[in-house]
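FYI, the numbering just counts along the sequence from 1.
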Amino acid sequence: MLRADEEDASELKIGDDFLKAKCLMNSEVAILLEHRCDQMKHMSGDSTTQLPQVLEKSLQYVKRFSRFTNQGSVKQVREVLSRYQLAEFELAVIGNLCPENVEEAKSVVPSLKTKGRGHDDEAIERLLNDLVMIKKFE
């Protein structure tokens, strides 16, 4: 386990627990929460059933900040970003924020600048263009 002074996200030094964790984009969380809400309403047998406030608020939040709303698009975003061999948290940040250009991507995900990871400016540009195309046809 890394100590706080040894952690540096720009170099992917974020601790073993976080490196192994599955990070979800807001769009993915929205799909999961919507499914859970539907399950709860179905189980109660009453579509007017009041859901727990924390569930409703969480769903509102992730919907508000989701860049992709179509379940197929969300799946496609994960598949496309996975091809670029990003760390889980890098994938989630890029999928959530959808940076508009290479410099913005490097600014929000400093570890993309790390040499030897195969993320040159051209690869990052392709990645961002792939996201734009998915959003365009959503």
Indicate if [X] and [Y] have the same hydrophobic cluster label, given that clusters are the connected sets of ILVMFWY residues with side-chain heavy-atom separations under 4.5 angstrom.
| X | Y | result |
| --- | --- | --- |
| Met40 | Val29 | yes |
| Met133 | Leu128 | no |
| Val108 | Leu24 | no |
| Ile31 | Leu33 | no |

> Hey, is the main chain of Asn26 close enough, under 3.5 Å, to the side chain of Asn96 for a donor-acceptor pair?
Replying inline: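 Checking the backbone N and O of Asn26 against the side chain of Asn96, a donor-acceptor pair under 3.5 Å is found.
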List the atom of [X], the atom of [Y], and the distance in Å for their closest heavy-atom pair.
| X | Y | result |
| --- | --- | --- |
| Lys41 | Leu51 | CE-CD1, 3.9 Å |
| Glu56 | Gln50 | OE2-NE2, 3.8 Å |
| Glu90 | Leu112 | OE2-N, 4.2 Å |
| Gly95 | Phe68 | O-CE1, 3.9 Å |
| Val77 | Leu131 | CG1-CD2, 3.8 Å |

Can you tell if the side chain of [X] reaches within under 4.5 Å of the side chain of [Y], non-hydrogen atoms only?
| X | Y | value |
| --- | --- | --- |
| Cys37 | Leu55 | yes |
| Leu32 | Val62 | no |
| Ile94 | Tyr84 | no |
| Lys135 | Cys98 | no |
| Leu86 | Leu127 | yes |

>> Going by side chain to side chain donor-acceptor pair (under 3.5 Å), name the pairs with one or both residues in residues 61-81, residues two or more places apart or in two chains.
In response: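 The answer is Glu28-Arg78, Glu34-Lys63, Arg78-Glu88.
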> Is the count of non-hydrogen atoms from other residues, nucleotides or ligands lying under 6.0 Å from Glu122 atom CD greater than 12?
Replying inline: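 12 or below, so no.
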> Should we say atom CD of Glu125 is surrounded by more than 12 heavy atoms from elsewhere, each under 6.0 Å from it?
Replying inline: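 Enclosed.
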> Got a second to check how far Thr114's OG1 is from Lys106's NZ, nearest 0.5 Å?
Replying inline: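 Those atoms lie 10.5 Å apart.
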> How many angstroms lie between atom CD of Gln39 and atom OG of Ser44, to the nearest 0.5 angstrom?
Replying inline: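 Between atom CD of Gln39 and atom OG of Ser44 there are 12.0 Å.
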